[in-house]
Structures are given as structure tokens and as C-alpha cells.
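These notes concern the structure reproduced below.
Numbering of residues begins at 1 and proceeds along the displayed sequence. Note that the structure is a prediction, hence the values are computed from the model and not measured.
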Amino acid sequence: MALVIADRVLETCAAPGTSTVSLLGATTGYQSFASAIGNGNTCYYTISDQSGANWEVGIGTVTAGSPNTLSRDTVLS
């Protein structure tokens with residue numbers, strides 16, 4: 001497991017609560033977490049709702065599967 005930093009990664013997700021996030025696919029023009037970060041690797045992430053009023057920044061682990069997921073390992077803010 002390595003910390004991977006990649007450019008132009010953006011996905012929609014289902015992220016209610018504080019548990020693992022189900023990733024729903026890359027937004028047009030961006031890459032997915034699974035393809036950019038890779039299975040089992042960690043990365044910095046930001047989650048925000050569409051209004052931007054609610055957000056979270058942290059470090060998580062990507063798991064490739066059906067669906068791909070991002071665990072919230074360390075919430076930074």
C-alpha cells in the first residue's frame with residue numbers, strides 16, 4: 001500500500017454518514033480513483049455536497065470492486 005497522488009481525479013459518490021464511500025464513476029474529463037490511484041493504495045480526498053456547504057478532507061484507501069470504494073481512514077478536516 002502506497003500513498004499515491006494523481007491529477008484530475010473526480011468521481012460522483014454516495015457518501016452519507018461517516019463510513020466507506022461507494023464510488024459511482026468518474027466525471028467526464030476526469031479519471032476514476034481506481035484507475036488513477038490503484039487498488040489498495042491510499043490518497044488524499046475531498047468530499048463535498050453539490051452546494052459545497054458540507055465537506056470533508058482526509059486520507060483514504062481505494063478498493064477496486066463492484067462498486068469501487070474509498071475508505072475514510074483519517075479525517076483531517
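Cluster annotation: Y44 is not connected to L10 through the hydrophobic network of ILVMFWY side chains, with a link wherever side-chain heavy atoms come within less than 4.5 Å.
Rounding to the nearest 0.5 angstrom, the gap separating the CD1 atom in I37 from the OG1 atom in T63 is 12.5 Å. Here the CG atom belonging to L24 is positioned 4.5 Å from the OG1 atom belonging to T12, to the nearest 0.5 angstrom. From R72, atom CZ reaches atom OH of Y45 across 5.5 Å, with rounding to the nearest 0.5 Å. Atom CD1 of I59 and atom CG of L70 lie 11.0 Å apart (nearest 0.5 Å).
Within the 3.5 Å criterion, the main-chain N or O of D49 finds no donor-acceptor partner in the side chain of N54. Under the 3.5 Å distance criterion, the side-chain polar atoms of R8 are left unmatched by any main-chain donor or acceptor of Q31. Listed for the S71 side chain is a donor-acceptor partner under 3.5 Å among the backbone atoms of T61. When atom types are taken as modelled, the side chain of E11 and the backbone of F33 share a donor-acceptor pair closer than 3.5 angstrom.
Residue V57 comes nearest to T46 through the heavy atom pair CG2-OG1, 3.8 Å, listed as atom of the first residue, atom of the second, then distance. Pairing each heavy atom of A36 with each of A6, the nearest pair is CB-CB, 3.9 Å. Minimum heavy-atom separation, C43 to V62: SG-CG2, 4.3 Å. The heavy-atom pair separating V9 from Y30 by the smallest distance is N-CD2, 4.1 Å. Contact record, D73 with G60: OD2-C, 3.5 Å, taken as the closest heavy-atom pair. Closest approach of A2 to N41, counting heavy atoms only: N-OD1, 3.1 Å.
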